[in-house]
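Take a look at the structure below.
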Amino acid sequence: MISIQVVVIGGGPGGYAAAFLAADLGLTTVLVDAEPNPGGVCVYRGCIPSKALLHVAKLIAESRHAKAWGIEFGEPKVDLDKLRAFKDGVVKRLTSGTGQLAKARKVTFIQGVASLVDPRSLTIKKTAGGEETVQFEHAIIATGSVPAIPPMLRVDDPRVMDSTGALDLPDVPKTLLVVGGGYIGLELGSVYAQLGSAVTVVEMTGGLLLGADRDLVDILAKRINSTMKSVLLNTRVTQITAEEAGIRVVFEGAGVTEDAREQVFDRVLVSVGRRPNASVPGLGKTKVQLTERGFIVVDEQMRTAEPSIFAIGDVVGEPMLAHKASHEGRVAVEVIAGENVAFRSRAIPAVVFTDPEIAWAGLTEAQAQAEGRTVSIARFPWGASGRAVTLDRSDGMTKLVIDPSTERILGVGLVGPGAGELIAEGALAIEMGANATDLRLTIHPHPTLTETVMESAEVFFGQATHVYRPKR
Amino acid sequence: MIDFKLPEVGENITSGDVLRVLVKAGDAVAKDQPVLELETDKATIEVPSSVGGQVKAIKVKAGDRVKVGQVIFSVDENGSGAPAVQATTGTSASGASAAAAADTPAAPLHPPAAPPDPDVATPAAAAARRPTGDKVVDISRGARTTGAAPPTETPAGPAAPAAPSVRRLAREIGVDINEVRGTGPRGRISLDDVKEHAKRLITAGPAASSGAASGLITEPLPDFAKWGEIERQPLRAVRRKTAVHLTAAWQTIPHVTQHDSADITNLESIRKGYSKLAEAAGGPLTVTAVAVKIVATALKVFPQFNSAIDLASDELIVKKYIHIGVAVDTDRGLLVPVIKDADKKNMIQIAAELAQLSEKARSRKIALEEMQGGCFSVSNLGGIGGTLFTPIVNFPEVAILGISRGKYEPVYNKTTGQFEPRFMLPLSLSYDHRVIDGADGIRFLRWIVEAFEQPFVMALQG
C-alpha cells in the first residue's frame with residue numbers, strides 16, 4: 001500500500017501537468033494511466049499524431065501549389081508504412097519524454113486502471129499484473145473524454161472508424177466519408193484528401209465548425225470545397241451497413257440530390273464529437289456529482305462535491321481542449337497546496353488545424369450577437385498583408401471583437417495559414433485587458449502575418465496603412 | 001402507509017451494513033432528512049429519506065446487512081411531516097438536472113450526423129454545470145474550506161482591465177478586483193493599484209470598502225417595535241460621516257486619556273478684561289480661543305504631538321505647520337473647522353477667526369477646505385457642562401484636548417495654610433499611544449496646565 005498526498009487519475013495533458021506541478025510543489029504524487037507513459041489522448045491519439053499528419057498533408061498541398069510558381073515535383077508517392085512510422089516516432093518521442101519528466105520529478109507513475117474504494121483510497125489494477133492500494137489526501141480525476149459514437153453509427157466493421165482508427169492510417173481509401181463537420185472530421189478528412197482519398201463530409205447542420213464565426217469558416221469552406229470531393233450540409237446519415245464492396249450509407253436532407261442518396265464508401269470516419277469519460281469505477285462511493293451529460297460537476301477551484309476529490313479537463317466540461325485541461329490541472333494542484341486561486345481565464349484559444357487554419361479566442365462575433373452585446377468588429381483581409389501575398393496565400397483574415405466604449409479587445413478571430421500560432425497574441429491581449437490602442441502601438445515585425453493583428457487594430461480607428469476605408 | 005426502501009446509494013453498491021438508524025418509531029420524518037447511516041465497503045453514507053410522514057415500524061437495526069430495495073421502515077403519510085412521495089424513488093433529482101437538460105438537445109429521430117461541437121459551450125451551459133453549493137467540510141490541510149462552493153460567476157458588467165497576474169494577486173489577498181480603481185490609461189489596474197487598494201482597506205478599516213457606515217461592527221439589531229412604537233430616520237450625511245470616521249479612528253488608534261485641571265482664576269480676569277477689545281476685532285476672547293493659542297504653542301515645544309504615523313512605510317510624519325481644529329456643535333452634527341497657522345496668530349486674531357468659522361459651520365457656509373489639514377483638535381464642552389470626558393483622537397492626528405466646565409474649587413495654599421476658592425478648568429488629553437508614551441502625554445498636559453495658569457511660559461518657551 002502506498003500513502004501519498006496527491007493521486008492523479010489519468011495521464012493526459014491535464015493529468016500530467018497537474019502531477020508534475022504537485023511534485024514541483026513538494027507533494028508526494030502518484031499518476032495513474034492505462035498507457036505506458038503520460039500523454040493521454042492528446043499525445044497518443046489526438047492532437048499530436050494528427051498534427052504530424054497534417055504537417056505532411058500541408059507539404060503535399062504546397063508541393064502541388066508550387067506548380068503555380070514554376071516548380072513541379074510531380075505526383076507524390078506515399079509510403080504509408082514510413083509515414084505511419086514517422087507519426088508513431090513523434091508519439092513515442094514525446095511520450096517517453098513525459099515518462100522521463102515524471103521520473104525526474106519523482107512522480108510515481110503506475111500503468112493501470114484505478115478504482116476508487118472510498119473518498120480517501122483507491123486500488124490500481126496494474127497492467128504489469130497485481131494490485132496496488134493507494135491512500136491519498138487528494139485525488140484529481142483527469143480521465144478525459146472518448147469519441148462519441150451514436151448507436152446508429154456503430155457498425156462492427158474496421159472500415160467504420162473513429163478518430164483513433166483513422167490516425168492508425170490503415171490505408172488510403174479511394175473514397176472516405178467523414179460524418180461530422182467539426183474540427184476532428186475536417187482535420188483528418190484533410191489528411192486523407194491530401195493523401196489521395198476522395199473525401200465526402202456530411203454535416204447535419206447548415207455549416208461547418210459550429211462555434212466559429214461564419215466569416216472565418218467561409219474562407220476555409222472555399223478551400224475545402226476544392227480539396228474535398230463534396231461537403232453535404234443539412235444532411236444526415238440515416239442508415240449505414242457494411243457490405244463486401246464497401247460501406248453503404250443512406251443520406252437524407254437538403255444537401256443530397258435524389259440520385260446521391262445512397263453511396264458506397266471504402267471507409268467511414270465517425271467524428272460527431274466526444275463525450276466525457278467519467279466512468280471511474282467506484283466513483284459512486286463518493287459524493288462526486290455528474291451532470292445529465294455525464295460531466296463531473298466542479299466549481300471554479302476544480303473541487304467536486306467530495307472534498308478530497310478534484311476533477312479537471314474534458315471530464316468536467318467543454319471546451320474539450322488540452323490547454324484548458326493543463327491550466328485547470330495546475331489550478332487544482334495549487335488549490336490543494338493551499339493557495340487561493342481559481343480558473344478565471346478570459347480566453348481559451350481554439351485552433352482548427354485545417355488548411356487554412358482557423359483560430360479564435362475570447363468573445364466571438366456570433367456569441368456577442370447571441371448575447372445582445374454591442375461590439376465593434378475590425379477585419380483585416382490578408383490580401384492587404386505583404387507576407388500573405390508572398391506566401392501566395394491571401395485567403396486569410398484577422399478580426400478583432402472590440403468593446404466600443406472601452407476599446408478593450410474582447411475577442412480575436414483568425415483564418416489563414418499559421419492562424420494557430422498567431423492566436424496566442426490575441427489570447428495575451430484579452431487576458432492582459434489590452435485595448436485597440438495597445439495593439440496598434442505595439443510594433444510588429446515586417447513582413448510577417450503578425451502585422452495583421454496590429455493593422456486590424458488600426459482598421460478599428462479607420463487608419464490602417466494597407467486598407468483604405470472611405471470616410472463615412 | 002408507505003414503505004421507505006433502501007434507494008440506490010451509489011454505483012455498484014448493492015448492499016451495506018447499518019451503522020445507525022437515525023429515526024425511531026413515532027418520529028416525524030421529512031423528505032431528504034438523513035435516516036440511516038450505512039457502511040458500504042469503506043465509505044460511510046448517510047441515506048436521506050425519500051418519504052415524509054410519521055415513522056411507524058422500523059424494519060432494520062444497527063448491524064443488519066441491507067440490500068438496495070429492502071424496506072427500512074414505513075411511514076404514515078398522514079402523520080406529521082412532509083407530504084408523502086413515491087416511496088421507491090431513489091435519490092432525489094438534483095437541482096442541476098433541469099438546467100442541464102436545457103443544453104441537451106431533444107434527441108432527433110435519426111442519429112445526428114453533426115457533433116455537439118466541443119467549442120460551443122455557452123456561458124449559460126457552463127453555469128448550469130456548476131454545482132449548487134455544498135456543505136462545509138473539514139479536511140486536514142491547505143485552504144480547503146468548503147466542498148463545491150456556490151458559483152461565483154463573473155459579475156455583470158465589463159471585466160476589470162487587469163492582467164492575469166494582477167487578478168490573481170487580488171484574489172489571493174482577498175481584494176475584489178472589480179472594486180480596485182485603476183490608475184493606468186483607461187483605468188487599467190496595475191499590481192500597485194491592487195496593493196494600494198489593499199493598504200487603504202487596512203488603514204481605513206472595513207468602512208472604506210463599501211463607504212457609508214457599513215464599517216460599524218454591529219451585532220444584528222433586535223426588533224425594537226416589539227417593545228413599543230419606533231420611527232426610522234435616515235442618517236444625515238454628517239452623522240454618517242462622523243460614524244464612519246470615528247469608528248475608524250477608534251479601531252485604528254490605541255487611545256489613552258489623561259486628566260488634569262488648570263487654575264485659571266487669574267486668566268479669567270485678564271480674559272474678561274480683554275474680551276471687549278477682542279470682540280471689537282471680530283470675536284469674543286473665549287477659553288477655546290485661549291486654548292487654541294496654548295495648544296499651538298505646545299506643539300512647537302512637543303513636535304511629536306504634531307505628527308502622523310505611517311505604518312505602511314514605518315515612518316513618523318512630522319508636520320512643520322500648525323493648524324488647529326476646533327470641534328463645533330451644529331444642528332447638522334459635529335464639525336471641525338481648522339484654524340490655519342495658529343502658532344503665527346495672536347489670541348485676538350484667533351478669537352476673531354474662531355467666531356467666523358463657527359458661524360460659517362453653523363450656517364452651513366463652511367467649505368470643505370476650511371475643515372481640512374488639522375494637526376491637533378480642541379473640543380470644548382465646558383459651555384454645556386460636564387466634569388471630565390475622554391475625547392476620541394481625530395485620526396490621522398495623534399492627540400486631542402478636551403475641555404470641560406470650569407468651576408470654583410477649594411485649593412490648598414501652602415503659603416497661607418488655607419484652602420482658597422480657585423477657578424479650576426478640567427482638561428482631558430487623549431492621544432495615540434503608538435506615537436506618544438504616557439510620560440510624554442502627561443508632560444504635554446502639564447505644560448498646557450502651566451500655560452493656562454501662567455501664560456508667560458508661552459512667551460518663554462513657545
Side-chain angles (χ1 to χ4, degrees), chain A residues 117-119 121 137 150-153 179-182 202-205 209-211 235-238 271-274 282-285 289 291-293 295 297-301 303-308 317-320 335-342 344 346 350 403 406 408 431-433 435, chain B residues 9-13 40-43 45 94 96-97 100-101 103-104 108 110-122 125-126 128-131 134 137 139-144 146-152 154 158-164 167-168 171-172 174 185-189:
Chain A
V117 174
D118 61 41
S121 66
E137 289 178 21
M152 197 268 144
L153 294 177
V179 185
V202 58
E203 161 64 43
M204 187 179 70
T205 71
L209 291 173
L210 225 66
T235 304
R236 53 181 155 222
V237 173
T238 58
S271 51
V272 299
R274 299 181 66 83
L283 199 61
K285 297 173 193 170
Q289 292 171 17
T291 67
E292 297 258 306
R293 292 179 60 194
F295 290 108
V297 177
V298 290
D299 66 8
E300 62 172 6
Q301 294 195 308
R303 303 165 186 273
T304 69
E306 178 68 59
S308 60
E318 283 158 354
M320 295 191 188
V335 171
I336 288 170
E339 284 171 45
N340 180 17
V341 298
R344 278 281 178 91
R346 289 178 183 154
D403 182 326
T406 62
R408 286 269 294 281
E431 288 291 354
M432 294 297 287
N435 57 36
Chain B
V9 288
E11 201 182 41
N12 298 330
I13 299 179
T40 65
D41 297 337
K42 276 181 187 163
I45 299 167
S94 77
S97 59
D103 66 309
T104 311
H110 300 293
D117 195 288
D119 299 319
V120 294
T122 62
R129 288 199 302 277
R130 299 293 182 197
D134 215 279
V137 290
I139 16 182
S140 53
R141 55 187 293 284
R144 280 130 280 175
T146 58
T152 43
T154 326
R167 273 141 52 202
R168 178 168 275 208
R171 188 190 168 86
E172 282 171 349
R186 292 179 181 277
R188 198 178 156 74
I189 301 166

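In the text below, chain A, chain B and the rest are named by the order of the sequence lines, each starting its count at 1. Worth knowing before you read on, the calculation uses all heavy atoms, side chains too, and leaves out hydrogens, waters and symmetry mates.
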Set of side chain to side chain donor-acceptor pair (under 3.5 Å) partners for A/R346, sequence neighbours left out
none

Got a sec, which residues hit salt bridge (charged side-chain N to carboxylate O under 4.0 Å, His left out) with B/R168, two or more places apart in sequence or on another chain?
A/E334

Do B/R171 and A/E339 pass the side-chain contact (heavy atoms from CB on, under 4.5 Å) test, and can you show the C-alpha distance, the side-chain angles, and the key distance before you say yes or no?
CA-CA 10 Å; B/R171 188 190 168 86; A/E339 284 171 45; over 6 Å; no

Would you confirm whether B/R167, through its side chain, and A/R344, through its main-chain N or O, come within 3.5 Å as a donor-acceptor pair?
yes

Do B/P164 and A/M432 touch side chain to side chain, with heavy atoms closer than 4.5 Å?
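SC-SC contact between B/P164 and A/M432 confirmed.
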
Provide the closest heavy-atom pair for A/R408 versus B/A160 in the form atom of the first, atom of the second, distance.
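Looking at all heavy atoms of both residues, the closest pair is NH2-O, 3.7 Å.
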
All heavy atoms of A/N340 vs all of B/E172, minimum pair found to be O-CG, 3.7 Å

